[in-house]
J.: 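Here you go, one structure.
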Amino acid sequence: MAFKVIEKNILKASEDTANENREVLRHNNVFTVNIISSPGAGKTSLIERVGPVLKEEGVPFTVITGDCFTTRDAERIDVLKIPVIQINTGNACHINGQLIKAALKDVDLTKMDLLIIENVGNLVCPAQFDLGEDTKIALFSVPEGDDKPVKYPLIIKQSRLALINKMDLLEHSDFDVSFCEESIKKINPGIETLLISCKKDEGLDGFISWVKENIKIKKERNR
Ligand code: MG
Ligand code: ZN
């Protein structure tokens with residue numbers, strides 16, 4: 001019996017919206033990152049740490065943060081006087097392109113150089129959804145174990161940068177840094193990996209330089 005498969009159409013619609021977002025962001029020179037990690041790996045902590053530095057250095061940016069139900073992440077960013085939009089996805093375990101398109105209506109893209117999207121904490125499906133970003137960022141952390149890149153390779157394939165957070169906990173753990181870094185490189189040879197600790201404020205200079213360099217590259221490319 002012939003039956004209709006609609007999954008393709010949904011993915012196509014999502015892809016079209018992502019392309020629209022990408023075009024708007026390109027037109028306005030807004031370098032856009034989509035940070036993906038499991039819950040509790042430190043996405044919000046990363047933004048809390050680097051946000052004030054970027055602000056201090058005069059980089060105009062906005063944060064879109066995704067969570068199923070709460071506004072806890074947005075509140076943490078808002079107290080730092082960083083512009084933030086909360087997306088509540090309800091029971092959905094990822095942000096999609098349509099949600100980003102709606103959020104972009106509330107920001108002045110002409111006054112921004114950078115858009116940071118904090119996805120819903122989940123290593124699986126956020127990797128499958130293009131939001132129109134320049135790149136995803138894969139964020140792992142020491143307590144999760146060193147095998148997460150091997151188990152969730154799609155995120156690595158789609159990211160230009162991988163971060164390994166909570167390096168301050170390394171001494172209490174059997175996390176093998178070389179194994180983790182090597183597995184990341186094996187999955188995506190072009191990726192850059194940075195070891196960081198948001199808690200101890202270590203390695204974050206590298207992240208800030210990476211962001212600023214990419215903002216510059218995007219502007220030069222569009223000139
Ligand atoms: Mg968070
Ligand atoms: Zn999902």
Side-chain angles (χ1 to χ4, degrees), residues 22 25-26 28-38 41-65 73 76-77 80-84 107 109-119 126-127 131-142 144 146 148-149 155-170 175 177-178 180-223:
R22 190 170 2 264
L25 292 162
R26 189 201 59 77
N28 289 284
N29 277 322
V30 181
F31 178 61
T32 303
V33 296
N34 175 7
I35 307 176
I36 297 177
S37 82
S38 51
K43 296 179 295 303
T44 315
S45 299
L46 176 69
I47 298 166
E48 276 179 321
R49 276 291 186 182
V50 303
V53 181
L54 290 169
K55 209 174 141 184
E56 177 85 26
E57 295 189 12
V59 178
F61 70 103
T62 293
V63 176
I64 297 177
T65 184
D73 291 348
R76 283 168 62 185
I77 295 163
L80 301 171
K81 303 208 161 37
I82 290 168
V84 60
V107 296
L109 292 170
T110 62
K111 294 197 172 73
M112 274 164 60
D113 281 352
L114 171 69
L115 174 64
I116 301 175
I117 301 168
E118 173 185 353
N119 219 308
L131 308 179
E133 72 273 28
D134 287 280
T135 182
K136 294 178 170 60
I137 293 176
L139 172 66
F140 301 104
S141 68
V142 167
E144 295 169 64
D146 50 30
K148 293 303 163 290
I155 296 170
I156 309 284
K157 281 183 196 156
Q158 306 208 331
S159 299
R160 281 192 241 151
L161 180 68
L163 301 171
I164 304 174
N165 187 27
K166 306 194 190 181
M167 287 300 288
D168 51 292
L169 296 177
L170 194 61
F175 187 99
V177 179
S178 320
C180 191
E181 284 184 308
E182 280 159 23
S183 4
I184 291 171
K185 266 271 180 288
K186 233 179 252 173
I187 297 162
N188 179 357
I191 203 169
E192 193 175 331
T193 301
L194 296 172
L195 307 176
I196 64 169
S197 163
C198 291
K199 187 160 185 110
K200 294 272 163 76
D201 201 353
E202 284 165 6
L204 297 175
D205 290 358
F207 177 67
I208 290 162
S209 309
W210 181 90
V211 168
K212 284 162 68 180
E213 181 62 22
N214 277 284
I215 290 172
K216 209 175 101 194
I217 292 170
K218 182 153 189 171
K219 281 190 180 169
E220 278 166 4
R221 197 179 296 146
N222 278 350
R223 205 170 279 159

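No hydrogens, no waters, no symmetry mates; every other heavy atom, side chains included, goes into these values.
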J.: So how far is it from I184 CD1 to E192 CD, rounded to the nearest 0.5 Å?
T.: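 I184 CD1 to E192 CD: 11.5 Å, rounded to 0.5 Å.
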J.: Would you sort out whether V53 and F207 count as a side-chain contact (heavy atoms from CB on, under 4.5 Å), showing the intermediate values?
T.: CA-CA 11 Å; V53 181; F207 177 67; over 6 Å; no
J.: Quick check for you: to the nearest 0.5 Å, what is the distance between I64 atom CD1 and I117 atom CD1?
T.: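 Taking CD1 in I64 and CD1 in I117, the distance rounds to 5.0 Å.
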J.: So, for I191 and L161, which heavy atoms are closest and what is the spacing to 0.1 Å?
T.: CG1-N, 3.7 Å
J.: Drop me the distance from I82's CD1 to I77's CD1, to the nearest 0.5 angstrom.
T.: 7.0 Å
J.: Less than 4.5 Å apart, any side-chain heavy atom of W210 and any of V33?
T.: yes
J.: For L114 and V30, work out which heavy atoms get closest and say how close.
T.: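 Taking every non-hydrogen atom into account, C-CG1, 3.7 Å.
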J.: What is the distance from atom CG of N29 to atom CZ of R221, rounded to the nearest 0.5 Å?
T.: 10.5 Å
J.: Are side-chain heavy atoms of E48 and L80 found at a separation under 4.5 Å?
T.: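 Yes, side chains in contact.
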J.: Pick one: which of N214, L25, T32 meets side chain to side chain contact (heavy atoms under 4.5 Å, CB included) with D134?
T.: T32
J.: Are more than 12 heavy atoms, taken from residues, nucleotides or ligands other than E220, located less than 6.0 Å from that residue's CD atom?
T.: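 It does: E220 CD has more than 12 such atoms within range.
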J.: Any chance the side chains of R76 and S45 put a donor and an acceptor closer than 3.5 Å?
T.: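 Judged by distance alone, the side chains do pair up.
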J.: Which atoms form the tightest heavy-atom contact between K212 and V59, and what is the distance?
T.: CG-CG2, 4.4 Å
J.: Looking at every non-hydrogen atom in both residues, tell me the closest pair between P60 and K111 and how far apart they are.
T.: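 Nearest pair, atom of P60 first, then K111: CB-O, 3.1 Å.
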J.: Counting only N and O atoms by type, is there a donor-acceptor contact under 3.5 Å from the side chain of R49 to the main-chain atoms of K199?
T.: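 Judged by distance alone, yes, a pair lies under 3.5 Å.
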J.: Does any N or O in the side chain of N188 come within less than 3.5 Å of the main-chain N or O of S159, such that one atom is a donor and the other an acceptor?
T.: yes
J.: Carefully, step by step, assess L46 and I196 under the rule side-chain contact (heavy atoms from CB on, under 4.5 Å).
T.: CA-CA 9 Å; L46 176 69; I196 64 169; 4.0 Å; yes
J.: I need the single residue from T193, I156, N165 that forms a side chain to side chain contact (heavy atoms under 4.5 Å, CB included) with F140. Which is it?
T.: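 That would be I156; it is the only one of T193, I156, N165 passing the side chain to side chain contact (heavy atoms under 4.5 Å, CB included) with F140.
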J.: With rounding to the nearest 0.5 angstrom, report the CG to NZ distance, N28 to K218.
T.: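 Between N28 CG and K218 NZ, I get 9.5 Å after rounding to 0.5 Å.
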J.: Is the side chain of K55 donor-acceptor paired with the backbone N or O of K81 at a distance under 3.5 Å, no angle test?
T.: yes
J.: State, to 0.1 Å, how close I155 and A127 come at their nearest heavy-atom pair, and which atoms those are.
T.: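 Heavy atoms only, the tightest pair is CG1-CB, 3.3 Å.
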J.: Here's a test for you: under side chain to side chain donor-acceptor pair (under 3.5 Å), which of E118, K43, K148 qualifies with S37?
T.: K43
J.: For K200, does its backbone N or O pair with a side-chain atom of S197 as donor and acceptor, under 3.5 Å?
T.: yes
J.: List the steps, then state whether side-chain contact (heavy atoms from CB on, under 4.5 Å) holds for V50 with F61.
T.: CA-CA 12 Å; V50 303; F61 70 103; over 6 Å; no
J.: With rounding to the nearest 0.5 angstrom, report the CZ to CD distance, R22 to E133.
T.: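 CD of E133 is found 7.0 Å from CZ of R22.
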J.: Looking at every heavy atom in both F175 and C180, which two are closest together, and how far apart are they?
T.: CZ-SG, 3.7 Å
J.: Are the side chains of V142 and M167 in touch, meaning some heavy atoms are under 4.5 Å apart?
T.: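 V142 vs M167: side chains touch.
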J.: Any side-chain heavy atom of V177 within less than 4.5 Å of one from D146?
T.: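 Contact flag for V177/D146 side chains = no.
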